[in-house]
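Have a look at the structure below before the remarks.
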Amino acid sequence: MAIPGHIDPVPVPRPQVASDDARVDILGLSREAIRDALLEAGLDERQAKLRAKQLWHQMYNRGATDFDAMSDIAKPQRAWLAERFKVGRPNTVVQQVSTDGTRKWLLKTDDGHDFEMVFIPDADRGTLCVSSQVGCTLNCRFCHTGTMRLVRNLTPGEIVGQVMLARDALGEWPSQPEGRMLSNIVMMGMGEPLYNFDNVRDALKIVMDGDGIGLSRRRITLSTSGVVPMMEKAGAEIGVNLAVSLHAVTKEVRDEIVPLNRKYGIEELLQACADYPGANNARRITFEYVMLKDKNDSDEDARELVRLIKKYKLPAKVNLIPFNPWPGAPYECSSDERVNRFSDIVFEGGISAPIRRPRGRDIMAACGQLKSAAEKKSRAELDKLAEEKLAALG
Ligand code: SF4
């Protein structure tokens, strides 16, 4: 049977639009790649190594984007660097702040593609939801991003750039090991991170690097819709927490909601979770479960969820997510009573199943909504909106 949508990763190769700025953006390069770029620009081996170390510290510990502010580098060297290199950030199209404190950014790559990131603050911590692709190949039916074609993978610089931009906005430089608002990262924005594996891995290695941003792997979660063949590699090479967009417990319903299920079925997926390196009771696998009225929210579904998790002996918790509909969405959200009942059954089965409070509804914080809304606005409307929002932010 033909499967609707694009199931396999088919990144559309698009040449980067040449910018007038010929300088090399070093954000997102590994230390070795920065050193190589400096060597190529004419520094000798010893100088290149030292400069790469200084630049790394300045970029990722101090948050510097201006070479002139890098006081540990001699002045003539700063000018030399500024002529040849830059430290970029994604371009901000719109920044919105919800009444509940959730912040959402519509960002643009240098070659003109929009993508999103969201920051969700809590009392003593905050989580940044980071995108890995522009659009997505997987047409999950409850997800607005799933209605958009994949344009391209984000580069390591564009992925780590989201973290940098959020910390700029939160005023969280220099890096502190504790007590910061941006305390957690979830790779749960636009795109399927395991279909952009190398770039996500390289970006997260920078985020975890102790000489820079220094976020512990325990505070980072990678969310997949179930790209089974890549899961073990993700555990071995990245080693962060795993979240799985499960959303249904029968083949029929999951085939509809998460079409990737037709390729990698539920049992295969749960076996891959059981084999995920490093998962244990202290580092449980999170199963995301969006609550859709009369679709996946019955008592039987809840009992089957418990049975499956127990069958595979998974150290697991379940996040129940009330569906955040958009205009024309094919589903409705389950009632509060239904969500509570579902949660109770899973809890009674011995598995934690908290209900996630919807955040940022007034700013369309669900994945893909801002990009889609922006595409319906004219350039002038967008500029005006951006000005208003920034003015409101002070
Ligand atoms: S839920 Fe994730 S994987 Fe599925 S369509 Fe949306 S962005 Fe893609």
Side-chain angles (χ1 to χ4, degrees), residues 3-12 104-107 113-118 120 127-154 158-159 162 185-197 199-200 221-231 234 242-248 253-266 269 272-273 286-292 295-296 318-326 328-331 333 356 358 360 364-373 375:
I3 300 172
H6 315 284
I7 300 301
D8 285 309
V10 198
V12 184
K104 181 155 188 169
W105 288 259
L106 179 65
L107 305 174
H113 300 300
D114 291 347
F115 63 106
E116 302 175 353
M117 72 171 185
V118 181
I120 304 152
T127 303
L128 186 70
C129 181
V130 171
S131 290
S132 57
Q133 299 181 307
V134 179
C136 191
T137 48
L138 303 176
N139 301 82
C140 301
R141 285 206 77 206
F142 59 87
C143 168
H144 205 219
T145 300
T147 62
M148 302 166 196
R149 269 188 73 88
L150 176 71
V151 176
R152 71 166 170 82
N153 286 334
L154 292 175
E158 289 160 347
I159 296 168
Q162 295 170 63
I185 288 177
V186 290
M187 293 301 307
M188 211 178 272
M190 298 175 77
E192 164 54 60
L194 294 186
Y195 278 164
N196 184 16
F197 184 86
N199 291 352
V200 167
T221 300
L222 185 147
S223 174
T224 180
S225 21
V227 184
V228 167
M230 299 299 289
M231 285 168 61
L242 181 70
V244 172
S245 294
L246 190 64
H247 305 310
V253 177
R254 194 162 192 270
D255 276 359
E256 174 189 321
I257 301 178
V258 185
L260 185 66
N261 195 64
R262 301 175 196 184
K263 196 163 181 178
Y264 309 116
I266 292 175
L269 173 59
C273 290
T286 305
F287 289 100
E288 307 290 347
Y289 200 99
V290 65
M291 297 299 296
L292 305 173
K295 180 53 72 175
N296 64 356
V318 177
N319 272 346
L320 298 178
I321 309 160
F323 178 54
N324 188 356
W326 68 89
Y331 302 114
C333 182
R356 293 287 157 210
M364 296 188 289
C367 179
Q369 293 185 3
L370 193 58
K371 173 174 159 70
S372 185
E375 280 161 1

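Atoms within a ligand are numbered from 1 in the order they appear, just like the ligands themselves.
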Discussion item. If you define the side chain from C-beta out and look only at heavy atoms, does anything of W105 sit under 4.5 Å from E116?
Written reply: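 Sidechains of E116 and W105: no contact.
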
Worksheet item: Does a side-chain heavy-atom distance below 4.5 Å link L246 with L269?
Response: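 Of all side-chain heavy-atom pairs linking L269 with L246, at least one is under 4.5 Å.
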
State the atoms of ligand 1, each with its element, that fall below the 4.0 Å cut-off from a heavy-atom position in [X].
| X | value |
| --- | --- |
| C136 | 3 (S), 5 (S), 7 (S), 8 (Fe) |
| G191 | 2 (Fe), 7 (S) |
| S225 | 3 (S) |

Worksheet item: Does C140 bring an N, O or S atom to under 2.8 Å of atom 8 (Fe) of ligand 1?
Response: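 No, outside the cut-off.
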
Discussion item. If I take every N, O or S atom of C143, is at least one of them less than 2.8 Å from atom 6 (Fe) of ligand 1?
Written reply: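 Yes - counting backbone and side chain alike, C143 has an N, O or S atom under 2.8 Å.
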
Worksheet item: Who pairs with T224 by side chain to side chain donor-acceptor pair (under 3.5 Å), at least two apart in sequence or on another chain?
Response: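 For T224, the residues satisfying side chain to side chain donor-acceptor pair (under 3.5 Å) (neighbours in sequence not counted) are E192.
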
Practice prompt. With rounding to the nearest 0.5 Å, note down the distance linking CG in L260 to CG in L138.
Written response: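 L260 atom CG to L138 atom CG measures 5.5 Å (nearest 0.5 Å).
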
Discussion item. Could you check whether E256 pairs with K295 (Lys NZ or Arg NE/NH1/NH2 to Asp/Glu carboxylate O, under 4.0 Å)?
Written reply: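 Between K295 and E256 there is a salt bridge, with a charged N closer than 4.0 Å to a carboxylate O.
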
